Every structure is written in C-alpha cells, then in structure tokens.
Amino acid sequence: MSNTKAVTTLSVDALPKIATGKVRELYKVDEKTLLFVASDRISAYDVIMENGIPSKGLLLNLLSAHWFNVLPTLLPSLQTHFITLSLPSSIPQAQHALLQNRSMQVRRLKIFPIEAIVRGYITGSAWKEYKVSGTVHSIPIAVGLKESQAFPQGAIYTPSTKAEAGENDENISPARAAEIVGQEYADRIEKLALSLYTAARDYAKDRGIIIADTKFEFGLDEETDQVVLVDEVLTPDSSRFWPADKYEIGREQESFDKQYLRDWLVKEGLKGKQGVRMPENIALETANKYREAFEKLTGGSWEDAVKK
Ligand code: ATP
Ligand code: MG
C-alpha cells in the first residue's frame, strides 16, 4: 500500500463519538445515521497490535462498500446498512484527506449480539476440533475429511457470542444463539448468513479467491422488522481468503488475510499478549496480502481506488 504512516488513532471533532471498536470509530451524524470510520489498527487473537498497517482502514472500507454494492444484485431482497461513501456536510474540509475513503455513512441499527460465522471449508479451530472429536462446534461432520476440504454437506453455520471489549468471543451452538436473539430472528440470521456466504463464495471463486469462512453481523430495523446486514463485510479482517490457484486439499493454505500475522505471533510466543509491535516485514507482507485480495475481488487497481 502507500508508505504513509498508519492511522492508529483518529478523532472527528465535528461529530459526537458513539463507540470505539478494535478497528473502527463510530460517530453520530443524526438520530438514524452513523459515520463508520476504519482506522489502520489490526487485531489478532482479539488483541490490537501497537503499530498499524498503513491504509488498511481505506482498504477495509472500500472493499466493504464494493460488497454492499454487489451483494444486493446477487440477493435482491437483501437490506444493508450502507448509505454512502460521501462524508456528511458537517465535516470540515481540513478533515477530508483523513476521512475520505476511510469512512462510510450507515444506518444506525440495534445490533444482534451474535457473530454469524459461516464455514465452507474445514480449517483453523474447526479442523482442530474435528481431528479430536469428529465435530465442528459440536455439529457431527462426515468422517474422513482432509484439512482444507469443503464441507460435503455445504457450508455450515457456527455462531459465536459478540464479546464485550477485552473479552474473547465464545463459540456457541445455533440453539444457544436462539436463546440470545429469539428463535425467529435466529432462524432468519442463519438463513441469511448462509445465502450471503454462498453468493459471495461463487462470486469470489470466479475471481480466483476461495472464501474459506467469514463472519457477518446483523442489525434490526425496528420500524420494518427487517434483518439488515451491517458492519464490515467479506474483508480480510472478517474472512479467510485463499488463492484458488494454489488450493490443495490435505494441508494448510496460504492466505490473503491475517494468517501471516497470526503465524508470526504463534511462532514468537506472542499470541494473546498485549503491547506487541509487528516488525516492518510482517506489516508489509500483511499489507500486500490485503491489497492483492482487494484487487482480485474488485477487479480494479488499488492505486485507482484510493485516487477517487
Ligand atoms: P468491538 O466493538 O466489540 O471491539 P470489533 O472489534 O469488531 O468489535 P470494530 O469493527 O472496530 O469492532 O467496530 C465496529 C462496531 O460497530 C462493532 O461493534 C459493530 O457491531 C458495530 N456496528 C456495525 N454496524 C453498525 C450499525 N449499522 N449500527 C450500529 N453499530 C454498528
Ligand atoms: Mg469488527
């Protein structure tokens, strides 16, 4: 990406701040609208690194915007929180360089407190569990699967809780998810998450990327009772992306996401530790992987995308 410094802290003086997440800052535009701003912070194993990845926030924001444009063409009934990449008029010109392309205006919604994870391929923690017990999130899975193989029954829904700041998300069964959000919404979220994954998986496969798994979040439009797709969507932060041309069953895959950083943390014994600084080469390699995924999925060059 560019050689500019990573933006790990930022403030938008013109708007009241609603929340700070691991990566994003949320500001109030009006009662129904938020400015959703992505910093260059990166977290792995639920811990934020001391240094960031230059331009990562721009990339996550523009890739999510791409999906918010594409997904409703694939699933016409889909509602999303995306409004526009344009900044609200209350933002002074002096802050445009910082915020443009890093921010989107979104509908402010009540967020369902579960993460709707969908897995198409067996890898990571799912593979570890399967090797021991033949299950994934306690769901029985066909015997004889090899690492990185697609689930023979199709993608599976494996929700988790949405942990409070500083705590780790916890894997839960679909039945537990129904206790948290109610059976009716749980069923709608599961169905929607699986349809979204399937549509996106096919779209990405045509562009040389395998989406091994991903996490969606949903909100409720209380006026219409619609379940709405929110948060970031199908980015390297929320998904495992594999290069389709290097895919081989029976081993781990190279990936376009945080795997590079995660592997380094594990190797150095730094997994889950606070205050870690990534060395230059790890930050650069991660940046390159993110950019490659962006270009493959959008079909455009990164340089052109950020010029706009
Ligand atoms: P946390 O906020 O728990 O640290 P995170 O690290 O994933 O989670 P970020 O991605 O940095 O958080 O921030 C995004 C936050 O905004 C998430 O808590 C998400 O649930 C919330 N969010 C996403 N879309 C909306 C929306 N349309 N309205 C209100 N909140 C939203
Ligand atoms: Mg998030």
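Order of listing sets the numbers, starting from 1, for every ligand and every atom in it. Given the structure is predicted, the values throughout are model-derived calculations rather than measurements.
When atom types are taken as modelled, the side chain of His81 and the backbone of Asp231 share a donor-acceptor pair closer than 3.5 angstrom.
At least one N or O atom of Asp231, backbone or side chain, sits closer than 3.5 Å to an N or O atom of ligand 1. Annotation: Arg108 places no N or O atom under 3.5 Å from an N or O atom of ligand 1; distance criterion only. Between Leu34 and ligand 1, no pair of N/O atoms sits closer than 3.5 Å. The N/O atoms of Arg107, backbone and side chain alike, include one that comes under 3.5 Å of an N/O atom in ligand 1. Looking at His81 next to ligand 1, an N or O pair under 3.5 Å apart turns up.
No hydrogens or angles considered: a donor-acceptor pair under 3.5 Å links the side chains of Tyr185 and Asp225. Neither side chain, Glu232 nor Ser238, offers a donor N or O lying under 3.5 Å from an acceptor on the other.
Salt-bridge formation is detected for the pair Asp237/Lys56: a Lys NZ or Arg NE/NH1/NH2 atom is positioned less than 4.0 Å from an Asp or Glu carboxylate oxygen. With respect to the salt-bridge test (charged N to carboxylate O, under 4.0 angstrom), the residues Lys307 and Glu303 do not qualify.
For atom 28 (N) of ligand 1, the candidate residues are Asp221, Ile18, Leu109; the nearest heavy-atom contact is made by Leu109.
At a 4.0 Å heavy-atom cut-off, ligand 1 touches Leu26 through the side chain alone.
Distances shorter than 4.0 angstrom do not occur between any heavy atom of Lys110 and any atom of ligand 1.
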Take Asp213 and Arg240 through the test salt bridge (Lys or Arg N to Asp or Glu O under 4.0 Å) and record every step on the way to the result. CA-CA 5 Å; Asp213 49 41; Arg240 274 198 183 88; 2.7 Å; yes
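With ligand atoms numbered from 1 in the order given, ligand 1 contributes 20 (O), 25 (C), 26 (C), 28 (N), 29 (C), 30 (N), 31 (C) to contacts under 4.0 Å with heavy atoms of Ile111. Atoms of ligand 1 lying under 4.0 Å from any heavy atom of Lys162, numbered from 1 in the order shown and given with element: 17 (C), 18 (O), 19 (C), 20 (O).
Between Phe82 and Ala65, the shortest heavy-atom distance links the atoms CE1-CB, 4.2 Å.
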